[in-house]
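Below you'll find the structure, written out as structure tokens, and then a few comments.
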Amino acid sequence: MTVQRQYTLPHCNLVLEGLSADANDPLSPLAVLMNAECRLPGVTDATLAGGREFLDSLVAAVSRYGQQLLSGVASPPLGTTPPIVEVKPGEGTYHHLIVHQQPLGQPLSDENAQPPLDIKLTTVQFYDLMEAVDQLLADTQTLPDLTAQFQAVSRRLVQPSEPVAQRAAPAALGAAVLAAAGLALFFVPPPEFDPTRRSPESTTPAETSPDSLQTNPPAATRDSSTNFDDSSAKPAAAAAVGGLEGLETAPAITDAATLALLQSDVTRLLQEAWADAPRPSGDLTYRMVVSEDGDILGYKYENDLALDEVDNTPLPQLTFQRVDGAEPVREQVAQFIATFTPAGEVVVEPTQSVTPSAAAEALPPLESKITDGDRIRALNSTLYDTLLADLEPLSASEDLRFRVRLAESGDVVGYEPLNAPAGLLAPETPLPGLVTAANSDRNQADFQVVFAEDGVLEVSPWDGWP
Amino acid sequence: MPVNSPPAPQPSLVLDTLTNPGLPNDECPRRARIQLDLLLLAIEALDLSGSEAMLAISRELALEGLVKGRVHLWLLRGTNPMRRYSQRRPLQLEEAKALVMISCALARRLAVLVRQLLVGYQQLADRQLSPEHHFRLADYLSRFRSHFRARMNPRRAGVIAYSTDEKLDELAIQLLQQLLLCAGVLGSQRLWSSLFDGEVS
């Protein structure tokens, strides 16, 4: 018995015809679907019709598009063969129902193929179509095997909102720029690293920053082919400590007396400044350049330990900071080797072997001292009288300090200037003319002699009054 | 037999029509939370007593166990990250189901009005007229705009996208269409599965 089921909505009329499973029961479900018709009154006069295949396709297309409208996520079509019914979004709020119809009862061929039917639906009209389908799906007494199969779209099937080319563009651009940069830099020679050479860029901040330890910026134009080139030194620290370039061309001080004075001056300076510093584990040897005034103009390590421990020495603080760092030094300089020993002593030696005058030579340490207090007092007054007798007005602008050694007999064995003006002005004092006795192993005594700036003479025992 | 405590609340049977999607946990994805809150916002813009109707319908559907009163409903809707007072609590699937049922039931009740508004909008759009020419539609749009601006955090990137009136009107019309699709016999199931589009593996 043929039964007809109809689902009517304002804009959609879905009619199913088929054979009922139970001829006696008018409400029994359809056993066989013969024809499905879909009319869209008010939209189009065409009647969409087909068999079960058409109905299944209509249900699937409407369901998928309805879900797409709700979620905004487009789902890809299932299967490879083009479906009979498709729904696609149109411009504005319109939707397109596309039906690939074929004449009933005839095989599909090129001759009888018809152009697909394109029906423009508003949202309300589409809703009616969907509602008709939904009522069919919810109706268990028409086609019980046709039920709702709602399934969320899988993450893998979601098409990205941006096309592949657009998403790949930033990555491709980056790769292209990298390749171009690599190609361009291929022609640039790799920089050669020279630990002793210092670029102007690296020295400029050192000059301007007052607290920098690097106090002797060298001339950038100077090459490093000097005798200070120490290839065994650590390259990184070499840039920080080195810095005698620019001083190499300075004229050297040749006067032995001046050298001796500078030597004692610098020794005392370093000794005082180094008094509180931690003692090194080994000898720290530095090559120093000293100006005529006694200023340390620059220094450079001579051994690796000296490089590591440079911050523990007073050299960075004491070094005179030149303003015109790039200019070669024009004044006369002297070079010394300063050795900081683990025992806490500072030994300063000139680099060139000079023959200092005997008188101004530093006195060797006393081996046998006069211990008799009366004798010392007597010698002190004798020396004072002798000096005062020969004393003439001095051209000194500051105190001249000497260490004078006397033999037990009262003869002057030798003297040693204690500050630079004393060394320079020693010939003006009576001291050179008083040296009569040769050094000996006999008992001797040291005295400090000060020719004060205002002409006052002071003589006192070196070790203090007994 | 006397009992000392009230019987444990039974989960509502109406939720059984909504099958659990294959999510790794029981929490709703971000897009679902936004979508549910916006649909309810559109319902409020359509119906002046919409928030009262939501509570009434939840009692009708025996969903009090999941939507416990006005404040709890506000907390559930506050899981929308676009909200000004966004809640950092997750939205459980059961709670989302309740919101779906409420939205669809109200959408069904408002279906006639929604149809009228959509038809009117379509006619105006065909004649290239602005929605202001339709009194009821303009009313809905302006109410939706003010609801949206009052409740959404304007510094959120998702909200900045709707900074102009035109963008908000577009969103309101889109929500109107979605409400209509929810109103059908299988609307709740369609809405439910659409919430997880692109989220399931």
Side-chain angles (χ1 to χ4, degrees), chain A residues 7 9-12 14 42-43 59-60 62-76 87 89-95 120-140 146-161, chain B residues 17-24 29 31-32 34-36 38-39 100 103-104 107-108 111-112 114-126 128 131 169-171 173-201:
Chain A
Y7 304 94
L9 280 123
H11 292 113
C12 181
L14 186 63
V43 183
V59 168
V62 167
S63 286
R64 219 177 53 223
Y65 188 70
Q67 186 153 330
Q68 178 179 338
L69 278 184
L70 278 171
S71 69
V73 177
S75 55
V87 190
E91 67 289 343
T93 53
Y94 282 104
H95 319 280
K120 201 162 136 186
L121 297 174
T122 65
T123 303
V124 174
Q125 288 158 352
F126 173 76
Y127 166 75
D128 282 345
L129 174 63
M130 192 182 86
E131 184 60 13
V133 166
D134 279 0
Q135 287 179 5
L136 166 64
L137 290 175
D139 186 356
T140 53
L146 194 68
T147 53
Q149 299 286 335
F150 297 129
Q151 179 68 47
V153 180
S154 167
R155 191 183 303 134
R156 279 166 295 138
L157 295 176
V158 172
Q159 289 157 343
S161 48
Chain B
T17 53
L18 307 179
T19 53
N20 275 2
L23 284 179
R31 191 173 60 75
I34 296 176
Q35 174 76 358
L36 283 174
L38 288 181
L39 282 176
V100 165
S103 311
C104 290
R108 206 166 300 137
V112 176
V114 172
R115 279 184 84 105
Q116 286 172 357
L117 292 184
L118 282 176
V119 169
Y121 176 78
Q122 196 69 56
Q123 288 167 349
L124 290 174
D126 287 345
Q128 302 195 333
D169 287 355
E170 219 171 88
L171 176 67
I173 295 295
Q174 193 190 336
L175 287 169
L176 212 53
Q177 295 180 349
Q178 288 170 351
L179 276 181
L180 181 63
L181 296 184
C182 294
V185 284
L186 296 180
S188 55
Q189 294 172 49
R190 289 197 181 279
L191 175 61
W192 178 247
S193 66
S194 80
L195 290 179
F196 306 101
D197 265 3
E199 308 283 351
V200 296
S201 55

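Since the model is a prediction, treat every value here as computed from it, not as a measurement.
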Starting at CG of B/Leu181, measure out to CD of A/Gln67 and round the result to the nearest 0.5 Å. 11.0 Å

If I take atom CD from residue B/Gln122 and atom OG1 from residue A/Thr93, how far apart are they, to the nearest 0.5 angstrom?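 Nearest 0.5 Å value for the CD-OG1 distance: 3.0 Å.
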
So which residue, A/Met130, A/Gln125, A/Gln68, ends up with the most heavy-atom pairs under 4.5 Å with chain B? A/Met130

Residue, of A/Gly66, A/Ser63, A/Pro10, A/Gly72, that accumulates the most heavy atom pairs under 4.5 Å with chain B: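 That would be A/Ser63.
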
Quick one: does any side-chain atom of A/Glu131 pair with a main-chain N or O of B/Ala183 as donor and acceptor, under 3.5 Å?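 Answer holds: no.
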
Does some side-chain heavy atom of [Y] sit less than 4.5 Å from a side-chain heavy atom of [X]?
X        : Y        : value
B/Cys182 : A/Leu70  : yes
B/Tyr121 : A/Thr122 : no
A/Ser71  : B/Arg31  : yes
B/Leu180 : A/Val124 : yes

Taking all non-hydrogen atoms of both residues into account, name the closest pair between B/Gln178 and A/Leu69 and its distance.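 Looking at all heavy atoms of both residues, the shortest contact is NE2-O, 3.0 Å.
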
Can you name the nearest heavy-atom pair linking B/Ser193 to A/Ala152, along with the distance? O-CB, 3.4 Å

Ring pair (Phe, Tyr, Trp, His ring centres under 6.0 Å) partners for A/Tyr127, two or more places apart: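 Here no residue qualifies.
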
Qualifying residues under ring pair (Phe, Tyr, Trp, His ring centres under 6.0 Å), relative to A/His95, sequence neighbours excluded: A/Tyr65, A/Phe126

Counting only heavy atoms closer than 4.5 Å, note whether B/Gln35 contacts chain A via side chain, backbone, both or neither.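 Looking at B/Gln35, just its side chain touches chain A.
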
Can you tell which part of A/Asp128 gets under 4.5 Å to a heavy atom of chain B, answering side chain, backbone, both or neither?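 Answer is side chain: those atoms of A/Asp128 sit under 4.5 Å from chain B.
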
Using a cut-off of under 4.5 Å on heavy-atom pairs, state which of B/Gly187, B/Ala32, B/Gly198, B/Gly184 scores highest against chain A.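 The residue among B/Gly187, B/Ala32, B/Gly198, B/Gly184 with the greatest pair count is B/Gly198.
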
Return yes when atom CZ of B/Phe196 has more than 12 non-hydrogen atoms of other residues, nucleotides or ligands closer than 6.0 Å, and no otherwise. yes

